[in-house]
Amino acid sequence: MAGKSDKFYITTPIFYVNDVPHLGHSYTMVVSDIIARWHRLLGERVFFLTGTDEHGEKIAKAAELRKEEVKAFVDKLAEAYKACWKGLSISNDDFIRTTERRHEEVVFRFIEAMDRNGDLYKGEYEGWYCVPDETFFTDLQLKEGRCPVCGRDVQKLKEESYFFRLSKYQDRLLEYYKANENFLAPKSRSAEIINRVKGGLKDLSITRKSVKWGIPFPMDRKHNIYVWVEALINYLSALDWRSEKSDLFWPADVHMVGKEINWFHSVIWPAMLFSAGLEPPRKVFAHGWWTVEGQKMSKSVGNVVDPMAMAGKYSVDALRYFLVREIPLGDDGDFSEKALRLRLNNELAADLGNLAYRVLSITEKFDGKIEGSPELEASLDLKGIEKDMQELNLSGALERIWHFIKACNKYVNDKKPWEMDGAELSNALYNLLESLRIISILVSPFMPETSDRLNAQLGVKSGLLSEAKFGAFKGKVKKGEYLFRKIDA
RNA sequence: AGCGAGGUAGGGUAGCCUGGAGUGCCCGCCGGGCUCAUAACCCGGAGAUCGGAGGUUCAAAUCCUCUUCUCGCUACCA
């Protein structure tokens, strides 16, 4: 029964813990959570992973700046991330930290597998070095020939380093892209990657002698493994690679990533997997960025949006709904409280909340048996919703669900159940209550808390997607609070 | 600069692959209806030469060429 066909493994990036979580992180999490919950709704065996990336020079510096011990510093931040995800109803099955032993062990095995395959060699990394900052930079990173951090002169330096033969995998990557059209997603970004790979791949320096806060390179302990190489392996270390668990869940079905790390996940990571003798993931999805009222979100501008504050002000579910409804997955979008309020007031309160409230109000005044024949079924495009979700068109799926909600509101207006009684009224209520039950199932991945509350008001248990069809209504209705309240500016 | 994506009513989007009346959705605006319900809901309407030019075709938002504007990526910044 536990076949590989009904498993689903989805990951988020592991976030770099040099600062607390913000709206961008939360967006990745919410999107991934919705996809994970959807697959659970399908009855699949889901493994949903997130975590934190805790090595590297930047983190060591950030800790030093605050006069804290590095481990204590990352411990504190990892907790902040965990708390934030809990607050946003994120249903991750595991939380991997790159400072954990289980991660280090898998990293060692992975590097050794690459080495056995003859893909690692010792060479020299050449770059521009800024002495006061103790950091290497590439030509592109320099600002007018000077250090991009402090603005001082840099010097060309060579450092011994181990390299990964990325160049060896150019053809194999291109073949993989070609054979798996859905791997690079969204489509609008795939050409960008393919053309760059076609342009040629250089081998990668994957170790550093100068970086102290990291995982040692197993073949030469004077070196530490470069953070991003090691970080990518988290997707396997959480599965305890070479275990029953990894046999079941690997390859990952979706790596959800921000567009800035697309290259690492679409090119370097699959090449590393080839090298270690593993299958690449099925899909890497690069989502877009949020601006805030037209401006880039940045600390210096001071417009960084705190997801917990937004969730506190408007409710977790309103925030989750807004994030996925506002923009198609893959596009960039603009965040503003005004836009959030608009969707909360019009779509959540006026459409969904009001529908539930008006139907439940009428139902409570009726004391007969609720039964009838499905009339609203035709307004629900379940196939379309399933297709959208399969294609990760989350905003499209919501649009279809709302189309149904609007059809239900229209049904109330047209039927005027408040003027009915007896069998006629029973039939109208049957249709509306079953619709609400189905709506509750459909919105549950997006707004789990709201779905629970609606279920409680309908007096039904939460169901799987297979139950999202008209049957006999078996609930015991008890009108409760509004699902959503309007909020004025 | 190279490569990529996109310019559709006041704003935001879908449609483009597989040409066939500008067809849809959301917000906003105008008018009407209703009153079970969170002053919510429903109906109707105004509003677009589908960035510009040329071409293919009986027919182009949709295919081809050119042009213009916007945005993204350009590898060791997690």
Side-chain angles (χ1 to χ4, degrees), chain A residues 13-18 52-59 98 125 127 135-138 140-141 148-149 161 163-164 166 186-208 226-232 234 257-265 267-268 286 288-289 325-328 330-334 338-339 342-343 345-365 393 395-396 398-400 402-403 406 408-420 428 432 479 481-487:
Chain A
I14 48 173
F15 299 110
Y16 204 55
V17 291
N18 56 351
T52 41
D53 184 5
E54 307 184 355
H55 286 126
E57 206 52 24
K58 267 194 174 177
I59 285 170
T98 58
Y125 171 73
T135 312
F136 276 92
F137 298 102
T138 61
L140 279 166
Q141 284 175 272
V149 178
S161 173
F163 283 77
F164 166 48
L166 178 63
K187 286 253 190 311
S188 53
R189 290 194 173 277
S190 65
E192 194 168 283
I193 295 289
I194 292 170
N195 285 347
R196 269 180 72 192
V197 174
K198 277 183 183 164
L201 294 171
K202 287 192 290 192
D203 290 347
L204 289 165
S205 159
I206 60 161
T207 69
R208 278 291 185 284
Y226 218 73
V227 271
W228 52 258
V229 168
E230 168 244 298
L232 285 165
N234 89 86
V257 300
K259 62 184 182 184
E260 81 286 2
I261 53 174
N262 195 14
W263 178 257
F264 293 100
H265 286 81
V267 180
I268 295 171
W289 277 139
R325 180 63 188 84
E326 183 71 358
I327 54 168
D331 287 9
D332 289 343
D334 187 57
K338 190 182 167 208
L342 220 51
R343 292 206 181 270
N345 289 346
N346 293 330
E347 294 164 24
L348 295 178
D351 290 340
L352 175 57
N354 186 51
L355 174 67
Y357 198 79
R358 70 199 299 208
V359 169
L360 294 175
S361 295
I362 301 168
T363 307
E364 284 208 327
K365 293 174 199 152
N393 180 7
S395 56
L398 278 181
E399 215 172 304
R400 287 184 209 275
W402 252 253
H403 182 83
K406 282 164 188 282
C408 292
N409 268 319
K410 183 171 158 51
Y411 182 87
V412 177
N413 282 43
D414 292 348
K415 292 277 177 178
K416 301 187 199 302
W418 56 90
E419 292 175 3
M420 296 174 165
L432 290 162
K479 189 172 81 173
E481 284 294 299
Y482 296 140
L483 294 177
F484 295 95
R485 277 178 187 284
K486 291 203 166 194
I487 291 189

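Every chain is numbered from 1, with letters handed out A, B, ... down the list of sequences.
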If we take the [atom1] atom in both [N] and [M], what is their distance in whole Å?
{"N": "U56(B)", "M": "G19(B)", "atom1": "C1'", "value": "11 Å"}
{"N": "U8(B)", "M": "C50(B)", "atom1": "C1'", "value": "4 Å"}
{"N": "A21(B)", "M": "G12(B)", "atom1": "C1'", "value": "26 Å"}
{"N": "G52(B)", "M": "C58(B)", "atom1": "C1'", "value": "26 Å"}
{"N": "U67(B)", "M": "G6(B)", "atom1": "C1'", "value": "16 Å"}
{"N": "C36(B)", "M": "A46(B)", "atom1": "C1'", "value": "32 Å"}
{"N": "C43(B)", "M": "U65(B)", "atom1": "P", "value": "44 Å"}

Under 3.5 Å, which protein N or O atoms sit close to an N or O of nucleotides 3-12 of chain B? Give each pair with its distance.
unit_1, atom_1, unit_2, atom_2, d
C3(B), O3', N195(A), ND2, 3.2
C3(B), O2', N195(A), ND2, 3.1

Closest-nucleotide 5' rank along RNA chain B - winner of N354(A) and F163(A):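 By nearest-heavy-atom nucleotide position, the 5'-most residue is N354(A).
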
Mapping K479(A) and D331(A) onto RNA chain B by nearest heavy atom, which one lands closer to the 5' end?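 Nearest-nucleotide comparison on RNA chain B picks D331(A).
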
Do side-chain atoms of [X] reach the backbone of [Y] as a donor and acceptor pair under 3.5 angstrom?
{"X": "E364(A)", "Y": "K479(A)", "value": "yes"}
{"X": "D331(A)", "Y": "G288(A)", "value": "no"}
{"X": "D203(A)", "Y": "L166(A)", "value": "yes"}
{"X": "N346(A)", "Y": "D351(A)", "value": "no"}
{"X": "S161(A)", "Y": "T207(A)", "value": "yes"}
{"X": "W228(A)", "Y": "F264(A)", "value": "no"}

[X] has an atom [atom1]; how far is it from atom [atom2] of [N], in whole Å?
{"X": "F264(A)", "N": "C73(B)", "atom1": "CZ", "atom2": "C1'", "result": "13 Å"}
{"X": "R485(A)", "N": "A39(B)", "atom1": "CZ", "atom2": "C1'", "result": "15 Å"}
{"X": "N345(A)", "N": "A40(B)", "atom1": "CG", "atom2": "C1'", "result": "11 Å"}
{"X": "L352(A)", "N": "C41(B)", "atom1": "CG", "atom2": "P", "result": "12 Å"}
{"X": "H265(A)", "N": "C73(B)", "atom1": "NE2", "atom2": "C1'", "result": "17 Å"}
{"X": "D414(A)", "N": "C43(B)", "atom1": "CG", "atom2": "C1'", "result": "10 Å"}

Give G200(A) one of three labels, base, sugar-phosphate or nothing, depending on what nucleic acid heavy atoms sit under 4.0 Å from its own.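 Answer is base: heavy atoms of G200(A) come under 4.0 Å of a base.
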
In the structure I gave you, are the side-chain heavy atoms of I327(A) and S395(A) within less than 4.5 Å of one another anywhere?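 Side chain of I327(A) against side chain of S395(A), heavy atoms only: no contact under 4.5 Å found.
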
State, yes or no, whether a side-chain contact exists between E260(A) and W289(A) at a heavy-atom distance under 4.5 Å.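 E260(A) vs W289(A): side chains touch.
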
Pair assignment for RNA chain B - dot-bracket with | for other-strand partners, Watson-Crick or G-U under 3.5 Å: ((((((((.[[[[[)....(..]]]]].(((((.......))))).....[[[[[..)....]]]]])))))))....

Before giving the answer on side chain to side chain contact (heavy atoms under 4.5 Å, CB included), spell out for W418(A) and K365(A) the whole-Å C-alpha distance, their side-chain angles and the decisive distance to 0.1 Å. CA-CA 10 Å; W418(A) 56 90; K365(A) 293 174 199 152; over 6 Å; no

Where protein sits on nucleotides 23-35 of chain B, one letter per nucleotide: B base, S sugar-phosphate only, - none, heavy atoms under 4.0 Å: --SSS-------S

Ignoring backbone atoms, test whether K410(A) places a side-chain nitrogen or oxygen under 4.0 Å from the OP1 or OP2 oxygen of C43(B).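 Yes, because at least one side-chain N or O of K410(A) sits under 4.0 Å from OP1 or OP2 of C43(B).
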
Will you find, in the side chains of N413(A) and R358(A), an N or O donor that is under 3.5 Å from an N or O acceptor?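 There is such a pair (donor and acceptor under 3.5 Å, judged by atom type) between the side chains of N413(A) and R358(A).
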
Would W263(A) pass as stacked on C73(B), i.e. its ring centre under 5.5 Å from the base's six-membered ring centre and planes under 30° apart?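 According to the criterion (under 5.5 Å, under 30°), no, W263(A) does not stack.
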
Nucleotide of C42(B), C76(B), C36(B) approaching W228(A) most closely (side-chain heavy atoms):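 Selected nucleotide (nearest to the side chain): C76(B).
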
